[in-house]
Amino acid sequence: MKIGIVCYPTYGGSGVIATELGLGLARKGHEVHFITYRRPVRLAHFHENVFYHEVDSDDYPLFEYPPYDTALTSTIVDVVRYQNLDLLHVHYAIPHAAVAYMAKKILLTQGRYVPVVTTLHGTDITLVGNNRAFAPVVEFSINKSDGVTTVSQSLKEDTQRLFNIERNIRVIYNFIDFERFRKVDKDHFKKILAPNGERIIAHTSNFRKVKRVEDVVHIFKRVHDLVPSKLLMIGDGPERQNTERLCRQLGICEDVRFLGKQDAIEELLAICDLFVIPSESESFGLAALEAMACEVPVISSNSGGLPEVNLHGVTGYTSNPGDIDEMARYSIELLQNDTLLQQFRENALAQAKRFDLNNILPDYEAYYEEVLERSVTKVE
Ligand code: GMT
């Protein structure tokens with residue numbers, strides 16, 4: 001199959017999933033064309049079946065906001081036409097689903113029908129998508145997609161609750177590549193970061209409000225008072241400064257390390273004892289899954305799709321968003337009990353295996369086939 005993938009190229013989970021999916025499809029022999037404004041972070045090496053088309057939106061003094069959507073539409077039209085794509089898979093509704101609809105309409109005038117699959121990732125529905133500024137376009141373009149998937153059951157329900165959806169939505173869970181995410185021996189890191197055998201707790205995110213990053217620090221403070229421990233804060237974003245300030249106020253800077261954006265997250269996760277993700281809202285929680293694949297139990301909120309990934313009392317614990325005391329209590333319970341921690345580590349790995357890339361990829365392939373079959377007879 002010749003597949004076009006439109007995504008954000010940044011560190012966000014939707015871009016990561018889109019890139020890993022494309023690479024996985026390419027390894028299985030499909031031809032994959034990435035269309036975006038910058039090379040996706042995880043698209044680092046040459047692969048014979050992978051192509052990258054950069055969207056170039058020229059600046060012009062008249063444009064206060066460069067018209068990226070228009071440039072993206074034109075690039076999609078071009079790539080579908082000249083690379084003869086069978087299907088477009090767009091990740092994140094805004095603006096990709098609407099842009100894909102526009103491209104589809106232009107291609108129709110050229111006698112070409114290209115089916116569009118839209119994958120909803122979370123904030124495109126629950127946060128930004130729901131905003132009055134975007135909602136009508138999001139709803140319309142979801143309804144006009146040839147196939148729609150969500151990354152969790154919870155996100156499917158949110159989509160159906162928040163919008164007037166006239167079509168079926170397929171849940172295809174996010175996945176993890178065990179070739180990369182597995183517990184590797186990085187004891188030399190451990191000796192540097194926790195020289196006295198302290199427990200290591202980690203958090204990874206884009207440090208946006210929705211992640212409740214300050215809660216991570218409050219939880220850590222309570223744990224740190226009872227259990228010798230270190231906190232690794234991985235990633236960067238708007239809340240980082242506030243969070244660093246909070247560490248200073250609480251007097252725990254010595255034991256908190258802000259590592260910024262990291263590529264080889266799995267090497268850091270390999271030395272961790274616990275992962276904390278207290279988000280206000282989280283459609284899936286790919287960061288939690290990455291930790292679990294590296295045998296790290298998870299303390300999370302119970303919002304969105306997190307409980308579908310992190311099983312309460314099995315792979316970690318889930319609490320209401322903002323319940324710092326309970327999350328701290330659960331963390332201490334685990335970190336003070338070697339036997340329980342080991343059991344949770346094994347459970348986390350077993351649960352992560354359910355989301356193995358090799359299990360989920362065929363679901364996408366089957367869905368593409370279904371959509372293509374339906375489109376053969378389609379006349380818009
Ligand atoms: O979490 C973010 O702010 C980034 C966002 C994105 O679009 O990249 O993540 C969303 O998509 C990920 C991949 O499907 C999910 O694992 C995240 O849970 C989801 N984030 C939220 O729902 C807040």
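For this chain, numbers begin at 1 and follow the sequence in order. First listed ligand is number 1; within each ligand, the first listed atom is number 1.
- Of all the heavy atoms of Y8, none lies under 4.0 Å from any atom of ligand 1, so neither backbone nor side chain is involved.
- The shortest N or O to N or O distance between G285 and ligand 1 is below 3.5 Å.
- With a 4.0 Å heavy-atom cut-off, ligand 1 is reached by the side chain of N206 but not by its N, CA, C or O.
- With no hydrogens or angles considered, a side-chain donor-acceptor pair links Y113 and D146 at under 3.5 Å.
- At a 3.5 angstrom cut-off on N or O pairs, V151 does not count as close to ligand 1.
- Cation-pi geometry between K104 and Y101 is not met: the NZ or CZ atom fails to fall both under 6.0 Å from the ring centre and inside 45° of the normal.
- No side-chain N or O of T119 forms a donor-acceptor pair with one of H121 less than 3.5 Å apart.
- Residue contacts with ligand 1 include K211, since one or more of its heavy atoms lies under 4.0 Å from the ligand.
- At a 4.0 Å heavy-atom cut-off, ligand 1 does not touch R208 at all.
- With hydrophobic clusters built from ILVMFWY side chains whose heavy atoms lie under 4.5 angstrom apart, F51 does not share a cluster with V79.
- For ligand 1, the polar-atom distance check against E282 finds a nitrogen or oxygen pair separated by under 3.5 Å.
- Between E266 and R182 the shortest side-chain heavy-atom distance does not fall below 4.5 Å.
- Residue nearest to atom 15 (C) of ligand 1, selected from S283, G122, G305: S283 (by heavy-atom distance).
- In this structure, the ring of Y52 has its center no less than 6.0 angstrom from the ring center of H33.
- Contact annotation: for T126 versus ligand 1, there are no heavy atoms closer than 4.0 Å.
- Contacts between L286 and ligand 1, counted as non-hydrogen atom pairs separated by less than 4.0 Å, involve both the backbone and the side chain.
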